Amino acid sequence: MNASTEALPVVVIGAGPVGLAAAARLIERDLEPLVLEAGPAAASAVRAWSHVRLFSAWSEVTDPAAEKLLAPTGWVKPDGAAHPTGGDWAALYLQPLADVLGDRVRYDATVTGVSRAGRDRIVDADRESRPFVVHLTGPGGEERIFARAVIDASGTWSTPGPAGGSGLAALGEKAAADRITYRVPDLKDPSVRARYAGKRIAVIGSGASAFTTLACLADLAASEEGRGTHATWILRRGISGSTFGGGEADQLPARGALGLAAKAAVDGGYADAVTGFRTDALERDGAGRVNLVGEDGRRLDPVDEVIVLTGFRPDLGFLDELRLGLDERLQAPIALAPLIDPNRHSCGTALPHGAVELSHPEKDVYLVGMKSYGRAPTFLAMTGYEQVRSVAAALAGDREAAERVELTLPETGVCGGAGLFDEPEAAEQGGGCCAAPQAPHPAAGSATAASSGRSRTSVAAGTPAGGTA
């Protein structure tokens, strides 16, 4: 990298929790960040689920470097034992942090492409000495910015999974868009509540978001205004003993309570479960309702609304001119993928990692935060904070600090995300959507050392939010 390139900023894509933490860590390393946020304010994705309460406490969802930036402003950290909603997180921490960063954060700036200046992905010559060029659109139209490095913390919120069982949109899914939502609905909003009250609703998905939705629809059905509300819960797999989590035996009470609430919705007759159903098509009937057709030819009774909760995936389109090394299944960095593979790991057993595992063939490009996990659902916000600490150290040339792991996470760490909207008493018990057994795996520490050659520092308990964050 030449002197003129070193004078350029590090472009951070996304002003969410991890993107803002990246900016704080870069400043800590005397590197100049420029954060590009597509939305009109910080944490636009978090604001989209502002009605949802985190399983994690305030003590677990703020970054130490960010707190140092905030301290001189008189910012007071909220009660560490309290559990914020997404709206609380954005208003009381993320937006104040963005405000402190000032002109280093640009809003309404949508990144449309990233490449090496004067080099498409084919050209080798003099590649690493060239700065990055970032194309974006904003209020003034098209623009380009040059950067010494690029940290993509744009998340996956904008690209939810489709209803189709093949990973593609089901036939007719786009045509039925007016009857479909891909997010947990805010049933405290009167207009949203009216949309679902008294209706037949298909809920596609088997994770915490589906549990939350089933429980809230059951509450609606039990109310006077919601009489007649009924859910059809569609699972691609069968129901087993682990479908609803550990229930009262769950080491994480909030997770167990969420699974029990979903089970109660089914047992109480507010929802019917349809198992082994992979959606092939959505067809409208004469009344405008939607019929779901399975790959095996099964046709379900018509529904008025469809809620698709099949996870999220990374948008890699604007990175197409960069040389990324991604796992063919998870779309996560190749070295990171085996450490987070959901077939083998919960968020409590995912191994610590940093700049080494996040590196790509294209030098000085890093995907961090939820985006780094690709399609894996086991991400933790605190993991993202550790990622950007390591990445900032690597960009500053501090290899020892970049390779050192300072993850504040117990072996029983939980993956974050949304709990029941209005259950603070459950939230105060802690817990989350995914966890390892309470007793540490005997081989957990040695597995870390063997697989990555790096040490692990596991200190005070951290059960950070991730998932939707």
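Bear in mind the structure is a predicted one, so any value in this text is a computation, not a measurement.
Checking each of V303, T181, L217 against I201 for a side-chain contact (heavy atoms from CB on, under 4.5 Å) leaves exactly one that passes, namely L217. For the side-chain contact (heavy atoms from CB on, under 4.5 Å) criterion with L26, the lone passing option out of V10, V388, V35 is V10.
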Practice problem: I would like to know whether L36 and I145 meet side-chain contact (heavy atoms from CB on, under 4.5 Å); could you show each step before the answer? | Solution: CA-CA 10 Å; L36 302 177; I145 293 171; 4.2 Å; yes

Practice problem: Give the C-alpha distance, both sets of side-chain angles, the deciding distance and a yes or no for salt bridge (Lys or Arg N to Asp or Glu O under 4.0 Å) between R404 and D398. | Solution: CA-CA 10 Å; R404 184 176 66 243; D398 188 345; over 6 Å; no

Quiz item: Where do D88 and L54 land on the side-chain contact (heavy atoms from CB on, under 4.5 Å) test, with the steps shown first?
Solution: CA-CA 10 Å; D88 296 334; L54 298 174; over 6 Å; no

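Salt bridge present: R116 and E362 bring a charged side-chain N and a carboxylate O closer than 4.0 Å. One finds a salt bridge joining R25 and D63 here, because a Lys/Arg side-chain nitrogen approaches an Asp/Glu carboxylate oxygen to under 4.0 Å.
E305 places a side-chain heavy atom less than 4.5 Å from the side chain of Y196. Using a 4.5 Å cut-off on side-chain heavy atoms (C-beta onward), V111 and D152 make no contact. S359 has its side chain within reach of Y366: a pair of non-hydrogen atoms, C-beta onward, lies under 4.5 Å apart. Taking 4.5 Å as the limit, some side-chain heavy atom of K77 sits within range of a side-chain heavy atom of T62. At least one side-chain heavy atom of Y182 sits less than 4.5 Å from a side-chain heavy atom of V308. Side chains of I151 and V18 form no contact here, defined as non-hydrogen atoms less than 4.5 Å apart.
In this structure, OG on S390 lies 8.0 Å from CD on E403, to the nearest 0.5 angstrom. The OG atom of S115 sits 13.5 Å away from the CZ atom of F318 when rounded to the nearest 0.5 Å. Separating the CD1 atom in I334 from the CG atom in L324 is a distance of 10.0 Å, to the nearest 0.5 Å. Considering CZ of R183 and CG of L309, their distance stands at 9.5 Å, rounded to 0.5 Å. Distance check: E357 CD to L336 CG gives 7.0 Å after rounding to the nearest 0.5 Å. The CG atom of L326 sits 7.0 Å away from the CG atom of L367 when rounded to the nearest 0.5 Å.
Below 30°, between 30° and 60°, or above 60°: for F312 and W157 the angle between ring planes is below 30°, a parallel geometry. Between Y93 and W75, the ring planes are tilted. Angles from 30° to 60° get that label.
Partners of D315 by salt bridge (Lys or Arg N to Asp or Glu O under 4.0 Å), not counting sequence neighbours: none found. Taking the salt bridge (Lys or Arg N to Asp or Glu O under 4.0 Å) definition, one finds that R278 meets it with nothing, sequence neighbours left out.
Counted by atom type alone, E37 and S44 present one or more donor-acceptor pairs between their side chains at under 3.5 Å.
More than 12 heavy atoms of other residues, nucleotides or ligands sit less than 6.0 Å from atom CD of E400. At most 12 non-hydrogen atoms from other residues, nucleotides or ligands lie less than 6.0 angstrom from CZ of R237. At most 12 heavy atoms of other shown residues, nucleotides or ligands fall within 6.0 angstrom of atom NZ in K174.
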